[in-house]
2 protein chains.
Amino acid sequence: MPGTTTTGQASIMDVSVDCVIFGFDEQKLKVLIIDQKQMVKSMPVAHLQSALPGDLVRQEESFDHAAQRVLKELTNLSGIYLKQFHAFGDPYRVRMKKDQEWLNALRENPERRVVTIGYYSLVNMVDYKPKASSFAGKARWVDVYEIPSMAFDHNQIVDKALDMLRHELIADNIGFELLPEKFTLSQLQHLYEIVLDKKMDKRNFRKNVLKMENLQPLDEKQKGVLHKPAQLYQYQRKK
Amino acid sequence: MPGTTTTGQASIMDVSVDCVIFGFDEQKLKVLIIDQKQMVKSMPVAHLQSALPGDLVRQEESFDHAAQRVLKELTNLSGIYLKQFHAFGDPYRVRMKKDQEWLNALRENPERRVVTIGYYSLVNMVDYKPKASSFAGKARWVDVYEIPSMAFDHNQIVDKALDMLRHELIADNIGFELLPEKFTLSQLQHLYEIVLDKKMDKRNFRKNVLKMENLQPLDEKQKGVLHKPAQLYQYQRKK
DNA sequence: TCAAAAGTGTTGCATCTACACCCATGG
DNA sequence: CCATGGGTGTAGATGCAACACTTTTGA
């Protein structure tokens, strides 16, 4: 019987957000993951467990806020492109043998079901300065095509985030978010080629992006490159 | 500190699913809502409260399963197009004054935060036979452009579902799901015109849909209409 | 024979794709 | 002066929008 019509059954769960933070370093599309020392009884020495940055949603906090908080704590960046993309609610998503011991060490209520809201965000890697000791574990960028095995269903979460990123890149031209404030059209094109994993025609690409509003040429060119310096552009965020 | 790195804070919440069930009656796009008698102390007589069909997710149940269950209980249909589209997590989404009394009467733990996963589904209204007494309240179809004020944030949930429906209708041609098994191209076109709220050109529309695979003409025509009978088609679901 | 919706092609315009050479700079 | 990536235009193909008349049926 529906919750809106009846008392239903109690269904206590923890709710978390997990962030798939994409960055682009001019060569590769990367994702930020956390490596943590894993201290479990059955292990003589600690070993590393990789996971997405995430956290339980606090009692008076919206999902969006929780995601922003995680992102801020990790990268110290704010005003970043951030988007909810899917809720992951498999009842066994944190129940795999591989994760059980770690969870026991980690959570107050390790037996409790955890559902998670997936967010992805796009950051300019040049802006990102890892905060020294913000985490027990270390954050690192990994190539999106070479992601290690992670805790829980985090690999699936990344796969889905990547699907969404590709869709949005095409539909909404969000590529700028991954680049430094000032960028060249070649950088932008290169980003598209890597994320979408296909080559594009230079002239056609330029024709397309140049007819966008809020893409503004600057009075400024690249410097110190050993070829003809490129025009720099910036993206004027819609208000 | 991220949930994956620390114990975090306890954050007990109820998790529900809410379903926006779209139907199409050849004239209008409709949504199924529940009217329930509301018995609250401050009211001398019961009055009606409208809401989306929804329920708390059970302890060992996935989101998808919970959504299917709600849909089944309400319409007795299965094998229906059903899609998760957004998670709603505003901490105050069930805290509005207008909802407080009702919630108190309704839930074991009315003070508890409730987050909800929104699903939308598409049903053929011809298949839908309301189950007599499956709900305390009565289900009814309402025109999507004339939806009454509902409990909680359910009006927003419908708005977002409608956005998503429009996107998917264009991108993935899911319109068949709302029509009877056998349908004419004019019915299909009419559906598009109503959902997207714009007129379309008959010849161009036909050119477009006819080049889809898995749209099959049948050896059968409309009967008993007072005009030239139309060719019937069916949609061959992708395996 | 009338009313009502079904069904059918073509043309112009806009958009997309493919493609190759000269330019500016630093070393 | 060489190497490197920056920057530019066009022609042909494709896709999309606009548009009107004939057909079939039941009443």
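Chain naming here is simple, since letters A, B, ... match the order of the sequence lines and numbering starts at 1 in each.
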Q | Residues B:Asp64 and B:Tyr119: side-chain donor-acceptor under 3.5 angstrom | A | yes

Q: Please check if any side-chain donor atom of B:Ser50 sits under 3.5 Å from a side-chain acceptor atom of B:Asp35, or the reverse.
A: yes

Q) Does the pair B:Glu193/B:Lys198 count as a salt bridge with the N-to-O cut at 4.0 Å? A) no

Q. Between the side chains of A:Tyr235 and A:Gln216, is a donor N or O closer than 3.5 angstrom to an acceptor N or O?
A. no

Q. Which of these passes side-chain contact (heavy atoms from CB on, under 4.5 Å) with B:Phe22: B:Val123, B:Leu32, B:Leu162?
A. B:Leu162

Q: Output the residues of residues 181-208 of chain B in contact with DNA chain D, where contact means a heavy atom of the residue under 4.0 Å from an atom of the strand; sort by number or write none.
A: B:Asp201, B:Arg203, B:Asn204, B:Lys207

Q. Does any donor atom in the side chain of A:Tyr192 or A:Asn173 lie under 3.5 Å from an acceptor atom in the other side chain?
A. yes

Q.
With a 4.0 Å limit, can you tell me whether B:Lys211 has a side-chain N or O closer than that to the phosphate oxygens OP1/OP2 of D:dT14?
A. no

Q: Using a 4.0 Å heavy-atom cut-off across all strands, classify B:Gln222 as base, sugar-phosphate, or nothing.
A: nothing

Listed pairs, N/O of protein and of nucleotides 22-25 of chain D, under 3.5 Å:
from, atom 1, to, atom 2, distance (Å)
D:dT24, O2, B:Lys228, N, 2.8

Q: Could you check whether the rings of B:His190 and B:Phe24 sit parallel, tilted or perpendicular, using 30° and 60° as the cut-offs?
A: perpendicular

Q: With sequence neighbours excluded, tell me which residues meet salt bridge (charged side-chain N to carboxylate O under 4.0 Å, His left out) with B:Glu181.
A: none

Q: Let me know the distance between NZ of B:Lys223 and P of D:dG26, rounded to the nearest Å.
A: 10 Å

